[in-house]
Chemist: 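Sharing a structure here in structure tokens format.
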2 protein chains.
Amino acid sequence: MQNIITNAMTVYPQVARVVVAVDCIIFGFDGRQVKLLLIHRGFEPEKGRWSLMGGFVRGEEGLDIAAARVLKELTGLEGVYMKQLSTFGEPRRDPVERTVSVVYFALIDINQYAAPLSDRFRAEWFTLKKIPPLIFDHREMVTQALVRLRQDAETQPVLFELLPAKFTMPQLQSLYEGVFSRKFDKRNFSRKVLASGLIVRTKAKEKSGSRKGAFLFRLNKSRRTLRPVFEHIAN
Amino acid sequence: MQNIITNAMTVYPQVARVVVAVDCIIFGFDGRQVKLLLIHRGFEPEKGRWSLMGGFVRGEEGLDIAAARVLKELTGLEGVYMKQLSTFGEPRRDPVERTVSVVYFALIDINQYAAPLSDRFRAEWFTLKKIPPLIFDHREMVTQALVRLRQDAETQPVLFELLPAKFTMPQLQSLYEGVFSRKFDKRNFSRKVLASGLIVRTKAKEKSGSRKGAFLFRLNKSRRTLRPVFEHIAN
DNA sequence: TCAAAAGTGTTACCTCTACACCCATGG
DNA sequence: CCATGGGTGTAGAGGTAACACTTTTGA
């Protein structure tokens, strides 16, 4: 087994080299529920079980690039919101060979491309309450991603990545309720979101889904954070 | 150059293997200022410049374990608060050979062991405003760590890791002021911290540092978070 | 006795939460 | 005409921020 050294670099002697992979946690929102995209493994190890979408990092590829490539292979999507979560490296987490996995999570609007999916890979969306058993330490990765998603959603408008360009207030509220697993009061919710200045009401209405129709909103591009900074212990 | 495979595992064919390292960002507090521990490199590459303390991950070693080992090699400390920050893996970040570095940050009370330092390595504490140029992408690592430290400090009582078991209110306030780079009103600050129930006043006073003396406080072990959870968009 | 740091209370404002009814429309 | 989901306002409570003076004691 020859180690792959890609050019004439000198090397560190006596140092173990390991396989580095990326795994992608893909969250989606379909207008009603927050979901997680999983693939049904058609290969060993753990053939036939569910897992995150992953792949090995190539020789000349940075980690972010590798994650974007893996996401594209599965969903066909590019330019998606994607963030590094953390790295898993227990020596025996992958039974085949020691593999250090850098985990990313992505947020996408499910409806925008329900189509591109499922071809090369058997991929399915699962609601957060019905996640099947996952291989290796993937379940722990998902748990961490959810914690992080909530943290981020508290301070930054990340959840808008999961929505189409125009969305209704009830959709936005369902999204927040899904991510935080709790209900919000719709009057307080809409007042608070509007007060943030992040979204703007358009004149159009979405008429499917209710007889009355719901106003469509869009992001106000000039705003980037929900609050300047929040300090728990502060003046 | 033989790849090191530690046992009879089968392997993934055709996959690049790379060196995995850990780098430790060590924040400390001396009762007045928040500081960062750096080492003066006595070896190539970048000999003579400043860097974070790092080391390669060994064959049978998990990432957290590797980081703890590296921290111990430098400071002699064990059982310290340590958390994974993120992973850096640009192909040419290390000119010697491709190296993926998993970054950890640790929080310690400087006074507790000013001694154990500086022997094997030339290590020095730098205030956050006087960080020298660092090698590779270490400066970016530090920047990210500071952002994360602030985020964490907003929701969790992590900063207490930087303090001795007993500390004064002015010390605590300097710590928060150092981390957030701003001043707080001492009346509001102490009221707020005390209202959190996180700390308890003892009868003892710290008499050095002021003529009047300042009450010593200690952590109230039963409390774990500053607030249950905070939602920006919530009910 | 005075310089230096520690300690303490009140008020105005703003934000958060709880809560219930009317509106528009398609069937 | 009625069932369904969408939209809105108000009042009470709680938290935040601004603000200045007194205490202690070592030198």
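Letters A, B, ... mirror the listed sequences (proteins, then strands); counts begin at 1.
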Chemist: Lys183(A) NZ to dA18(C) C1': how many Å, rounded?
Modeler: 18 Å
Chemist: To the nearest angstrom, how far is Phe215(A) atom CZ from dG5(D) atom C1'?
Modeler: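 Atom-to-atom, Phe215(A) to dG5(D), this comes out as 14 Å.
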Chemist: According to side chain to side chain donor-acceptor pair (under 3.5 Å), who are the partners of Glu90(A), at least two apart in sequence or on a separate chain?
Modeler: none
Chemist: In whole angstrom, give the distance that lies between atom CD of Gln173(B) and atom P of dT8(C).
Modeler: 13 Å
Chemist: My understanding is that only residues two or more places apart in sequence, or in another chain, count here; which of them pass side-chain contact (heavy atoms from CB on, under 4.5 Å) with Val70(B)?
Modeler: Val22(B), Cys24(B), Met53(B)
Chemist: Which pairs pass salt bridge (charged side-chain N to carboxylate O under 4.0 Å, His left out) with one or both residues in residues 160-170 of chain B, sequence neighbours excluded?
Modeler: none
Chemist: How would you list, by chain and number, every residue that makes a side-chain contact (heavy atoms from CB on, under 4.5 Å) with Ser190(A), sequence neighbours excluded?
Modeler: Met169(A)
Chemist: Between Asp185(B) and Arg187(B), is there a salt bridge with N-O shorter than 4.0 Å?
Modeler: yes
Chemist: So which protein N/O to nucleotides 10-14 of chain D N/O distances come out below 3.5 Å?
Modeler:
residue : atom : partner   : partner atom : Å
dT10(D) : O4   : Arg191(A) : NH2          : 3.0

Chemist: Could you name each residue pair satisfying side chain to side chain donor-acceptor pair (under 3.5 Å) that touches residues 127-138 of chain B, not counting sequence neighbours?
Modeler: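 Every pair satisfying side chain to side chain donor-acceptor pair (under 3.5 Å) with a residue in residues 127-138 of chain B: Arg93(B)-Asp137(B).
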Chemist: Give the rounded distance in Å between these two atoms: CZ of Arg182(A) and C1' of dT17(C).
Modeler: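 Distance check: Arg182(A) CZ to dT17(C) C1' gives 11 Å.
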Chemist: Can you measure Gln171(A) atom CD to dG7(D) atom C1' for me and round it to whole angstrom units?
Modeler: 16 Å
Chemist: State which residues pass salt bridge (Lys or Arg N to Asp or Glu O under 4.0 Å) with Arg49(A); sequence neighbours excluded, sorted by chain then number.
Modeler: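 Scan of Arg49(A) (salt bridge (Lys or Arg N to Asp or Glu O under 4.0 Å), adjacent residues dropped) gives Glu46(A).
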Chemist: Whole angstrom is fine here: how far is it from CZ in Phe167(B) over to P in dA6(C)?
Modeler: 15 Å
Chemist: Apply ring pair (Phe, Tyr, Trp, His ring centres under 6.0 Å) to Phe126(B) and list each qualifying residue two or more places apart in sequence or on a separate chain.
Modeler: Trp50(B)
Chemist: Output the rounded distance in Å from NZ (Lys186(A)) to P (dC22(C)).
Modeler: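 Interatomic distance, NZ of Lys186(A) to P of dC22(C): 14 Å.
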Chemist: Ser174(B) and Gln33(B): side-chain hydrogen bond (donor to acceptor under 3.5 Å, both in side chains), yes or no, with the steps?
Modeler: CA-CA 7 Å; Ser174(B) 308; Gln33(B) 287 181 294; over 6 Å; no
Chemist: Between the protein and nucleotides 25-27 of chain C, list every N/O to N/O distance that falls short of 3.5 Å.
Modeler:
residue : atom : partner   : partner atom : Å
dT25(C) : O4'  : Arg211(A) : O            : 3.3
dT25(C) : O3'  : Arg211(A) : O            : 3.4

Chemist: Starting from C1' on dC16(C), measure out to NZ on Lys192(A) and report it in whole angstrom.
Modeler: 7 Å
Chemist: Think Arg201(A) has a side-chain N or O under 4.0 angstrom from the OP1 or OP2 of dT8(D)?
Modeler: yes
